[in-house]
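Structure, as structure tokens:
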Amino acid sequence: MERFGFVGLPNAGKSSLFNALAGGGALAAPYPFATKDPNVGVARVPDERVDLLAEMSRSKRAIHATVEFVDIGGLVAGASEGEGLGNRFLGAIREVDAVVYVLRAFDDTDIPGSPDPLEHLRTLETELTLADLETVEARVERQRKAAAADPSLRAEAEALGAAQEALAAGTPVYRSALSAEARAALRPFFLLTNKPVLAVVNVGEEDVDRLAEKAKPVLDEMDDRAEVLAMSVQIEAEAAQLEPAERAEFLEAYGLGEGALPRFVHAAYHLLGRRTFLTTGEKETRAWTIRAGAKAPEAAGVIHTDFERGFIRAETVGWRELLDAGSWVRARESGLVRSEGKDYEVADGDVMEFRFNV
Ligand SMILES: Nc1nc2c(ncn2[C@@H]2O[C@H](COP(=O)(O)OP(=O)(O)OP(=O)(O)O)[C@@H](O)[C@H]2O)c(=O)[nH]1
Ligand SMILES: [Mg+2]
């Protein structure tokens with residue numbers, strides 16, 4: 001399951017975003033540090049392909065992919081030195097797949113805080129960078145000594161040294177000049193700024209028809225290093241409280257389509273390079289998440305390690321073609337089902353059945 005950790009200044013809308021995506025459960029309040037303990041929630045990834053194929057196969061169960069969200073307390077300038085709630089909650093998001101910056105761009109004089117997302121971004125990154133610098137400084141000497149004795153540790157030690165230099169200069173690792181290899185070597189240290197970033201620009205209700213314009217300053221500042229998504233977290237959180245039919249009507253009135261979750265997941269999967277393949281049958285129809293570029297045996301391994309070990313071939317058909325054919329049998333009769341081997345790169349939306357031998 002993909003996991004996302006939210007960071008931001010107090011009152012930026014982290015808990016409201018959590019509610020919008022996870023369907024509620026977090027206290028969102030107009031005072032700083034409303035969140036004292038991390039909120040953890042799981043959401044089903046909306047995916048019509050699963051629903052349609054489940055209907056076609058009369059599956060007993062339809063299993064969507066799920067994602068996890070972790071909402072922590074707000075950070076303030078000086079958090080690394082204990083200001084506000086300090087930065088101890090950052091530990092709760094060390095192991096997430098991506099960090100979500102919640103940047104406030106809504107103006108509301110009743111709610112303390114600046115409405116300038118770039119100011120939020122700067123303060124936030126300073127604190128994350130300082131937290132990482134602390135982590136790196138605690139390790140770098142020890143790692144150097146270890147590498148002197150064991151050359152296999154050299155890449156890690158060198159990467160730590162490079163990270164220390166970038167962080168000390170105030171640059172988060174993901175925005176630094178560190179190579180992909182160096183960043184991979186840093187993975188065991190769980191640095192916060194070494195993770196992919198998705199920035200959510202939280203705009204006011206009055207700006208929902210100008211999302212692209214509101215996202216632009218952050219987009220420019222990020223210079224392609226992060227995914228940037230603008231939304232009115234408030235409206236989306238209100239929508240998430242409603243019954244599905246009412247929700248659709250409510251979002252429609254704002255011209256917001258399906259709402260926050262599909263857009264968020266789409267941006268997040270893009271950021272992380274994730275793809276979905278499907279399996280369908282009477283027992284269940286299910287969405288499985290793989291990395292972009294994964295070959296058929298790797299996809300099989302997501303279901304079961306035996307499938308990967310004993311992989312022979314994968315019967316494969318695009319979900320739309322299968323649906324149009326109406327069943328596996330008919331799709332096969334029409335020659336739509338391809339028999340793919342171990343070098344086949346799985347495409348998003350492939351429906352697969354694995355042949356294996358153990
Ligand atoms: N007007 C307006 N208010 C918003 C918006 N997003 C959030 N709020 C309000 O701002 C306040 C703070 O939101 P939260 O979601 O609690 O913020 P947070 O980032 O979790 O704050 P902490 O947990 O204190 O760090 C709440 O009263 C929200 O209702 C918005 O887009 N517009
Ligand atoms: Mg909160």
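In listed order, ligands and their atoms are each counted from 1.
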Using a 3.5 Å cut-off on N or O atoms only, is [X] in polar contact with ligand 1?
X    : value
G73  : no
I72  : no
N11  : yes
I111 : no
A12  : yes
P30  : yes
G204 : no
V233 : no

Do the charged groups of [X] and [Y] touch, with an N to O distance under 4.0 Å?
X    : Y    : value
E2   : R274 : yes
R104 : E119 : no
E141 : R144 : yes
R175 : E125 : yes
E249 : R247 : no
R49  : D47  : yes

In the protein, which heavy atom is nearest to [atom], and how far is it?
atom                    : value
atom 23 (O) of ligand 1 : T35 OG1, 2.8 Å
atom 7 (C) of ligand 1  : Q234 OE1, 3.4 Å
atom 18 (P) of ligand 1 : K14 N, 3.5 Å
atom 17 (O) of ligand 1 : G13 N, 3.2 Å
atom 13 (O) of ligand 1 : S16 OG, 3.6 Å
atom 32 (N) of ligand 1 : E205 OE1, 3.3 Å
atom 6 (N) of ligand 1  : N202 ND2, 3.1 Å
atom 11 (C) of ligand 1 : A29 O, 3.4 Å

Side chain or backbone of [X] under 4.0 Å from ligand 1, or both, or neither, by non-hydrogen atoms?
X    : result
R104 : neither
V203 : backbone
L17  : neither
F106 : side chain
P32  : backbone
F18  : neither

If we count only N and O atoms by modelled type, under 3.5 Å, do the side chains of [X] and [Y] hold a donor and an acceptor together?
X    : Y    : value
S152 : D150 : yes
Y269 : T276 : no
S15  : T35  : yes
T193 : D132 : yes
T280 : S57  : yes

Assess R286 against W288: is NZ or CZ under 6.0 Å from the centre of the six-membered ring, and within 45 degrees of the ring's axis?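 So R286 does make the cation-pi contact.
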Can you tell me if N39 has an N, O or S atom under 2.8 Å away from the Mg ion (ligand 2)?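 Within the cut-off used here (under 2.8 Å), N39 places no N, O or S atom near the Mg ion (ligand 2).
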Indicate if the distance from the Mg ion (ligand 2) to the nearest N, O or S atom of S16 falls below 2.8 Å.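 For S16, the answer is no, given that no N, O or S atom comes within less than 2.8 Å of the Mg ion (ligand 2).
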Does L90 belong to the same Ile/Leu/Val/Met/Phe/Trp/Tyr cluster as L167, with side-chain heavy atoms less than 4.5 Å apart forming each link?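 They do not share one cluster, since no chain of ILVMFWY contacts under 4.5 Å joins L90 to L167.
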Please could you name the atoms of ligand 1 that [X] approaches to less than 4.0 Å, counting only its heavy atoms?
X    : answer
D108 : 1 (N)
L9   : 19 (O)
Y31  : 24 (O)
G74  : 25 (O)

Using the six-membered ring wherever Trp is involved, compare the ring planes of F307 and F354 and label them parallel, tilted or perpendicular (cut-offs 30° and 60°).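 Tilted.
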Among V200, D71, L229, the one residue meeting side-chain contact (heavy atoms from CB on, under 4.5 Å) with V100: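 Passing option: V200.
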E205, CD: over 12 other non-hydrogen atoms inside 6.0 angstrom: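 Yes, the 6.0 Å shell around CD holds more than 12 heavy atoms from other groups.
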